[in-house]
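One structure is given below, encoded as structure tokens.
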Amino acid sequence: MRTSRLFVQTQRETPADAEVMSHQLLVKAGYIKRLTSGVYSYLPLMWRVLQKISAIVSHEMDAAGAQQLHLPVLQPAELWQETGRWDRFVQDGLLMHFNDRHDRPLALGPTHEEVITDVARQQLKSYRQLPTHLYQIQTKFRDEPRPRFGLLRGREFIMKDGYSFHASQACLDNEYDVMAQTYYRIFERCGLQSLMVQSDSGAIGGAVSHEFMVLTHNQPDAQQSGENDVIFAQDAAGKVVYAANIEKAKVSDLYIDSDGTSYPLQLAKGIEVGNIFQLGTKYSVAMKATFTDEDGSEKPYIMGCYGLGVSRVAAAAVEQHHDANGLCWPVAIAPYHLVIVPANVKDDAQREAAETLYAEALKAGLEVVLDDRDERAGVKFKDADLIGYPLRITVGKSLATGQIEVKPRRATEPTLLGTAQAITWVTQWLTQQQQA
Ligand code: ATP
Ligand code: MG
């Protein structure tokens, strides 16, 4: 991609309505545009990031044995009346709903327990078909009372939601553990440090549930982005031995484990990026969703559900990875790997060397941008830092001695390399980053 063609417009001013860093930077760096309250267009750079996060999510979900499908966004009220959730969601004001031309009420899906249970009950008739885990990655709609913080709390947002069906509690317990591990791996691959905490099940229901929190810190330059209070305890080695959402935690100063060892409790702010639930038979009983068990008896499925905020993960990654100059994407979810900047495009040698490197990078399979604009080098560097390309190659004065400069986004000084080694060095650096 050439910057002259790239559909991106950076801005130097901080948008007035953006209170947290991820919102400010995603707007300034040209990733998102607000359409209306809590609703954003994902511009090409943003869409690349979201696609990368989605690919990591699908890869890990598939590896865990789940199958991807795609359910309708439009949901009829009758289905939600079966579980009694229509009135509750309408009352809470969370449901985006309207009547169709035949005056039948419909909702834009805020979550899909009813729809998936309806699909399952028509097909999963025997214990032999269980367990089954189905998931999708889709836009969800919730008329949030306080949409804010850009992608962190939208009224339209992207979620991965998965639902599992089991013949026994032991089988659900096992899947729940597998999902907990899968979630840790997904967040780690996205470059996020997350913490699994005990939580309240809220409107989804069920007895056991855990949230995955990305802990945030007070930033001098922006408002606190973590909306959840997390309480946790660590042992001497720093390992977390207990963690809970404060809504769930019994308020005290100490956590005492089963051996009687006590640990001081610490308080932190967190962004909820995922939430897993053991639903039990709440939906299957209400919707008469049953299967024939091995002994011939008819039983409701025992269910689990697993949500993960794809667009919120992108924003949380920005909260964890930025500096005063802009975004610092982890390689795995960066929109591009590399930008090549000829310091002066009017200099034939620099322009040609940059073109050659660009062609080599494309050939090596790298996701590369060539900043071919006739702008001052300083302007191009500022944009590169703001957008947050993990690597920048500068073709400038050192070309006279056959060298170019490579600079990882967070490095203070560039490394000088011969033009012939540049792309090999870049490829190796990117591989190392992804393994680290
Ligand atoms: P919250 O407590 O933040 O309102 P929730 O608990 O209602 O979220 P879930 O129903 O658990 O949300 O949805 C699963 C995941 O979807 C959440 O863990 C979160 O990552 C994401 N998510 C939920 N609401 C939003 C939103 N308004 N904007 C962006 N992501 C969201
Ligand atoms: Mg939740």
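Read the numbers this way: they start at 1 and go in the same order the structure lists the ligands and their atoms. By convention here, the first residue in the shown sequence is residue 1.
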Suppose I only count heavy atoms of [X] and a 4.0 Å limit; which atoms of ligand 1 are within that range?
{"X": "Val273", "value": "18 (O), 20 (O)"}
{"X": "Glu144", "value": "24 (N), 26 (C), 27 (N)"}
{"X": "Met159", "value": "13 (O), 14 (C), 16 (O)"}
{"X": "Gly274", "value": "18 (O)"}

Legend entry - Identity of the nearest option to atom 18 (O) of ligand 1, non-hydrogen atoms only, from Lys140, Glu272, Arg148: Glu272

Inset, instruction - Measure from atom 15 (C) of ligand 1 to every heavy atom in Ser311, Pro110, Gly309, Ala314 and give the option owning the shortest one. - result: Gly309

May I ask whether [X] places a heavy atom under 4.0 Å from ligand 1?
{"X": "Asp161", "result": "no"}
{"X": "Leu151", "result": "yes"}
{"X": "Thr111", "result": "no"}

Legend entry - side-chain hydrogen bond (donor to acceptor under 3.5 Å, both in side chains) between His166 and Ser168, worked out: CA-CA 6 Å; His166 307 268; Ser168 71; over 6 Å; no

Legend entry - Which segment of Arg142 sits under 4.0 Å of ligand 1 when only heavy atoms are counted: side chain

Inset, instruction - Between Leu152 and ligand 1, find which residue part has any heavy-atom pair under 4.0 Å and reply side chain, backbone, both or neither. - result: backbone

Inset, instruction - Drop me the distance from His133's NE2 to Leu130's CG, to the nearest 0.5 angstrom. - result: 13.5 Å

Inset, instruction - Let me know which of Gln223, His322, Gln320 forms a side-chain contact (heavy atoms from CB on, under 4.5 Å) with Met21. - result: His322

Could you verify whether a donor N or O on one side chain and an acceptor N or O on the other, from [X] and [Y], lie under 3.5 Å apart?
{"X": "Lys407", "Y": "Thr394", "answer": "no"}
{"X": "Thr36", "Y": "Arg34", "answer": "no"}
{"X": "Glu114", "Y": "Thr83", "answer": "yes"}

Legend entry - ligand 1 to Phe157 polar contact by distance, N or O atoms, under 3.5 Å: no

Legend entry - N/O separation below 3.5 Å, Leu308 to ligand 1: no

Legend entry - Salt bridge Arg104-Glu78, side-chain N to carboxylate O under 4.0 Å: no

Legend entry - Row check, Tyr389 ring normal vs Arg409 NZ/CZ: under 6.0 Å, within 45°: no

Legend entry - Arg155 charged N/C atom sitting above Phe141 aromatic ring, 6.0 Å / 45°: no

Legend entry - the Mg ion (ligand 2) reached by Glu272 (N, O or S, under 2.8 Å): yes

Legend entry - Metal site the Mg ion (ligand 2): N/O/S of Asn275 inside 2.8 Å: yes

Legend entry - Heavy atoms of other groups near Arg410 CZ, more than 12 under 6.0 Å: yes

